[in-house]
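A short worksheet on the structure shown next.
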Amino acid sequence: MIPVRAYFNLLSDYLRPLRPRVALLAVVLFGTIGLQLVNPQLIKRFIDGALEGRGTSELVPIAVAFMLIAVGQQALAIWSTYLAEDIGWTATNRLRANLTDHVLHLDMGFHKGHSSGELIERIDGDVTSLSNFFSAMMIKVVGNGTLVIGILVMLWLESWIVGVSVTIFTILALGTMTGLHRIAVPRWRAVRATAAEAFGFVGEVVEGTEDITANGSAPYMEERFNDIHRRWLPQTIRGWMGWAWMWSTTIVLYGLSTSIVFILGSWLFGIGTLTIGSVYLVFHYVEMTRHPMEQIRSQMEDLQKAGAAIARVDELMAATTRLRPDGDETINAGPLRVTFDQVTFSYADGEDEESDPDDEIVLHDVTFDIAPGRVVGLLGRTGSGKSTIARLITRLYEPQSGTVMLDDVATWDAHIVDLRKRVGMVTQDVQLFRASVRDNLTFFNDQIGDEEILDAIHRLELDSWLASLPDGLDTLLESGSGGLSAGQAQLLAFTRIFLEDPGVVVLDEASSRLDPATEALIERAVDHLLEGRTGIVIAHRLGTVTRADDILILDDGRVVEFGERRTLAADPGSRFSTLLATGMEEVLA
Ligand code: ATP
Ligand code: MG
């Protein structure tokens, strides 16, 4: 079924701003239709005139008018197609932008659950089938529908018998087409779903090429790829078969209609109701319904595709973020106080009833308070929740209960852009863009000049790192890890953050071992980076820990120790001193 309401909602939302253009389109479209209806009348007059033996002085003007109208009608048709495409693309580009914006504001949980390939297919693929809906719909369904009605009116005027027969026939034909269309829609919906799955899968595999090849799971991936395609082909065949049914039915119907016209025409001519000109006129009009009926039929296909696309677009629009609406409080300048107040967090949505949410709790009632300018070393085994704490500070996720505060402003009350500017985070694996080092440092913000970048690099004592890049700031990096080692990528991320000058730096140290030269560079850069800022350093190496003022130890999502580093180190009963004694790199790495 075509969801008429959904169509209407989309139409009115996105066409309202384009009202003048839509009005112009309507005028041009109806102009074309009017001219198409007038022209056969000229042929009728011409034929009857010729048979009555009128002279060329009467016939030539009719022929000339016929040609002028035919050319004019084509010109208007081109214009209306241009207008419809223009409206279609303007409207759907707006829809694409809205969808992209919506998706970008969804939480990380959503993005972990939807591959980038799938989102591209939804935002671009589905919307492209809608653009057809906007443009072709207007011209082909509205325009052709009006044309068919106009033709029927003309036929009724010519002879009611012809009018009745052709009208009944047209209604039956449309009914048949609609019935077939209902069979074909669900088939197309299945095809689109599988297409999205296939693209999602390919996107995922391409992103993971390195790991897949290294683990020798390529044959397995190939098998899954084949699986999807084995489902996709029969579905597509069924989809197209539905279409083929509709297509062949039109041809049969058209043959029937021509026969009806000839039988009726010869009979009505025989009893003297119609002239030869009128018989030709009827034939011509019925012939003329063929094209619009076919267009309406082919539009049905696009409509069914668009119907599936609208449902999926609505579904995407309906995906809500687990984040609260953004606040608008600004966060103070300078180093910030970071407070966790009884924070409990789980990655599960809580909507998933089968799983016991208690099992999946990653942070249990975490409470701590870091004074401005202090540097805290965050320690804990792998999976204890360290990176999760970092994600909560930057509000990539929000806790199920409890509050995360920066200088007494809860993270969800803060303006999100401001928050992310004031909190700098270096993640365990830094993502790089396929772009120059300069663009990777500034996130493509060309307001930041080279002097500023070079100054930041100099102050982090990374000049030697810069010198080691073949083309300096112009060096092109690859996407992903960019052809840099984990340590080098972190150095780049430090500079990124330094340029933003945040009040809190969260440093999630790469757990891989580094060569001594890079390690020394990192140590010094971290020192500079943390000067005059609050620091949360998730450390895997002793060297990084010794710079911390305080130590916070997490175990299985609970704070098990929090205190001044020196005091803890001096207390032989503390976990920290045990860690130091056993060698933290062995325990934590
Ligand atoms: P590591 O030292 O290995 O980096 P970590 O202390 O940073 O470990 P987290 O990444 O915070 O650990 O993960 C804590 C727990 O949350 C783990 O049990 C992990 O499996 C789970 N987890 C992490 N990220 C997600 C996610 N996106 N969705 C669901 N669970 C997650
Ligand atoms: Mg981690």
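Numbering of ligands and ligand atoms starts at 1, following listing order. Any value given below was found using the heavy atoms of this structure, including those in side chains, with hydrogens, waters and symmetry copies removed.
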Test item: side-chain donor near acceptor, Y14 and T90, under 3.5 Å: no

So, at under 2.8 Å, which protein N, O or S atoms would a careful student list around the Mg ion (ligand 2)? S387 OG, Q428 OE1

Only heavy atoms count here, so choose which of K112, R391, Q428, M108 is nearest to atom 4 (O) of ligand 1. Q428

Go through the structure and list residues passing salt bridge (charged side-chain N to carboxylate O under 4.0 Å, His left out) with E315, not counting sequence neighbours. R122

For ligand 1, which atoms, with element, lie under 4.0 Å from some heavy atom of Y397? 27 (N)

Could you tell me whether some N/O pair between G385 and ligand 1 is separated by less than 3.5 angstrom? yes

Using a 4.0 Å cut-off to any heavy atom of T388, which atoms of ligand 1 qualify? 9 (P), 11 (O), 13 (O), 14 (C)

Is the closest N or O pair between V362 and ligand 1 shorter than 3.5 Å? no

Below 4.0 angstrom from a heavy atom of T382, which ligand 1 atoms are there? Numbered from 1 as shown, please. 1 (P), 2 (O), 3 (O), 8 (O)

Compare all side-chain heavy atoms of L568 with those of S577 and state whether any distance is below 4.5 angstrom. no

Would E207 and S116 count as having a side-chain donor-acceptor pair, cut-off 3.5 Å? yes

Mind jotting down which residue pairs meet the ring-ring contact (aromatic ring centres under 6.0 Å, His included) criterion with at least one end in residues 199-226? Sequence neighbours excluded, please. F225-H229

Among residues two or more places apart or on two chains, list those pairs meeting ring-ring contact (aromatic ring centres under 6.0 Å, His included) that have a residue in residues 545-574. none

Before accepting this row, confirm whether a basic side-chain N of the pair R459/D455 lies closer than 4.0 Å to the acidic partner's carboxylate O. yes

Is it the case that the side chains of D369 and T339 hold a donor-acceptor pair, with the cut-off being a distance below 3.5 Å and no angle test? yes

Pair D501 + R533, salt bridge at N-O below 4.0 Å: yes

